[in-house]
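Have a look at the structure below, then the notes.
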Amino acid sequence: MSTVLIVVALVVLFVAVVGVVLYARPGQAGGRRGRGLKRRFGPEYERTVAHHGGDTKAAERELAERVERYGSVRPRPLSPEVREQYVARWAGLQEQFVDAPRQAVAEADRLLAALAQDRGFPAATAHEEQVAALSVHHAHHVDGYRRVHHTVQVDAEGTGADGTTGVTTEELRAAMVDARNLFEELVAEHDEDRARQAPRPSGGGRTHSLKPKGSGA
């Protein structure tokens, strides 16, 4: 009789242990996924959690969906000529900002959209999709693009009958500075650009700085 009771007790203990393991495993997996998303997205993780009112599970579902949808996007190479054109255009916008800040910021928004599209991200006309894809690969700087786009929208919609607007020149400048970080990441030469270029013969050629010049914007 005692042997039977021991066997029954062992079976019950085994079932309990299995139940605990199965119950804990989803939580452990979810915790690992959350930590992985937090490392990958950095400030974008916190922004998404705040967007969902502090609901980390909802935020992590959204971020995981972005990775699944856009994680396979591979940057498209830029030719040296196209890169120099973008660098020159951005430098021109920084100079334009001094006399026409609103026009410069609006053009910066369009330039970033076109550059992201040329780099292989969703079309410039699909802004939300483009930002979502950029957030997977440029999480630490995508909010600058988001900010400059939002500033342009607020400025366009906030003009009253007296011609005033709720966006100050300093806010426009801050948006331009934030957007520059993403611009520099997208326009910089990467491995795919070097792989695209054929070997060139040695000789005296010009070199161009990729760092935009101009004002502090």
Side-chain angles (χ1 to χ4, degrees), residues 33-52 56 59-80 82-91 93-94 104-153 171-197 209-214 216-217:
R33 184 182 75 166
R35 288 191 294 273
L37 290 170
K38 196 168 187 176
R39 282 194 301 270
R40 176 167 192 160
F41 283 94
E44 183 70 6
Y45 178 94
E46 302 299 337
R47 192 205 71 83
T48 308
V49 171
H51 176 73
H52 285 279
T56 57
E60 288 171 4
R61 279 197 301 272
E62 179 183 332
L63 294 174
E65 287 172 2
R66 290 191 209 174
V67 173
E68 182 177 357
R69 186 170 184 180
Y70 301 112
S72 61
V73 172
R74 291 293 173 264
R76 188 182 299 154
L78 290 178
S79 68
V82 171
R83 179 177 296 102
E84 289 188 6
Q85 289 171 11
Y86 274 115
V87 171
R89 287 174 63 187
W90 188 269
L93 291 179
Q94 292 182 132
V105 171
E107 182 57 31
D109 180 40
R110 290 190 288 269
L111 187 149
L112 276 173
L115 175 56
Q117 180 174 325
D118 281 351
R119 273 300 196 184
F121 292 95
T125 53
H127 177 74
E128 294 301 326
E129 290 185 26
Q130 193 179 66
V131 169
L134 285 166
S135 74
V136 175
H137 299 272
H138 301 281
H140 286 77
H141 299 303
V142 69
D143 203 47
Y145 178 28
R146 189 184 284 116
R147 181 178 181 182
V148 79
H149 186 77
H150 177 71
T151 300
V152 170
Q153 288 185 316
E171 288 172 328
L172 291 166
R173 185 186 304 279
M176 190 84 168
V177 169
D178 282 352
R180 184 180 63 190
N181 293 326
L182 179 63
F183 171 80
E184 290 179 346
E185 274 204 359
L186 289 174
V187 83
E189 187 178 53
H190 298 289
D191 291 341
E192 61 273 7
D193 300 305
R194 289 186 284 270
R196 180 183 189 273
Q197 299 175 30
S209 171
L210 293 181
K211 188 171 182 58
K213 300 177 182 179

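Since this is a predicted model, take the numbers as computed values, not measurements.
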Rounded distance [0.5 Å steps], CG in Asp118 versus CG in Leu111: 9.5 Å

Show the nearest heavy-atom pair for residues Gln117 and Gln130, with the distance to one decimal. N-NE2, 3.7 Å

Answer yes or no: is there a side-chain heavy-atom contact under 4.5 Å between Glu184 and His141? no

Could you go through the side-chain contact (heavy atoms from CB on, under 4.5 Å) check for Arg146 and Arg47 one step at a time? CA-CA 12 Å; Arg146 189 184 284 116; Arg47 192 205 71 83; 3.2 Å; yes

Can you tell me how far CG of Leu134 sits from CG of Leu186, rounded to the nearest 0.5 angstrom? 6.0 Å

With side-chain contact (heavy atoms from CB on, under 4.5 Å) as the criterion, how do Asp178 and Asp143 come out once you've worked through the C-alpha distance, each side chain's angles and the decisive distance to 0.1 Å? CA-CA 8 Å; Asp178 282 352; Asp143 203 47; over 6 Å; no

Shortest non-hydrogen pair, Val136 vs Val67, comes out as CG2-N, 4.1 Å

Does the plane of the ring in His127 sit parallel, tilted or perpendicular to the ring in Tyr145? Use 30° and 60° as the thresholds. perpendicular

Does some side-chain heavy atom of Arg66 sit less than 4.5 Å from a side-chain heavy atom of Thr48? yes

CD of Glu65 to CD of Glu68, rounded to nearest 0.5 Å, is 7.5 Å

I'd like to know whether Val105 forms a side-chain contact (heavy atoms from CB on, under 4.5 Å) with Val148, so could you lay out the CA-CA distance, the side-chain angles of the two residues, the decisive distance to 0.1 Å, and finally the verdict. CA-CA 7 Å; Val105 171; Val148 79; 3.4 Å; yes

For Glu60 and Leu37 the tightest heavy-atom approach is O-CD1, 3.6 Å

Can you tell me if Glu44 uses its side chain to pair, donor with acceptor, with the backbone of Ala139 under 3.5 Å? no

Nearest heavy-atom contact between Ala114 and Ala124 is N-CB, 4.3 Å

Looking only at non-hydrogen atoms, find the nearest pair between Arg119 and Leu78 and report the distance. NH1-N, 3.6 Å

Are Tyr70 and Pro122 close enough that some pair of their side-chain heavy atoms sits under 4.5 Å apart? yes

OG1 of Thr56 to CG of Leu63, rounded to nearest 0.5 Å, is 11.0 Å

So which heavy atom on Met176 is nearest to which on Trp90, and how close? O-CZ2, 4.0 Å

Less than 6.0 angstrom separating the ring centers of His137 and Phe121, yes or no? yes

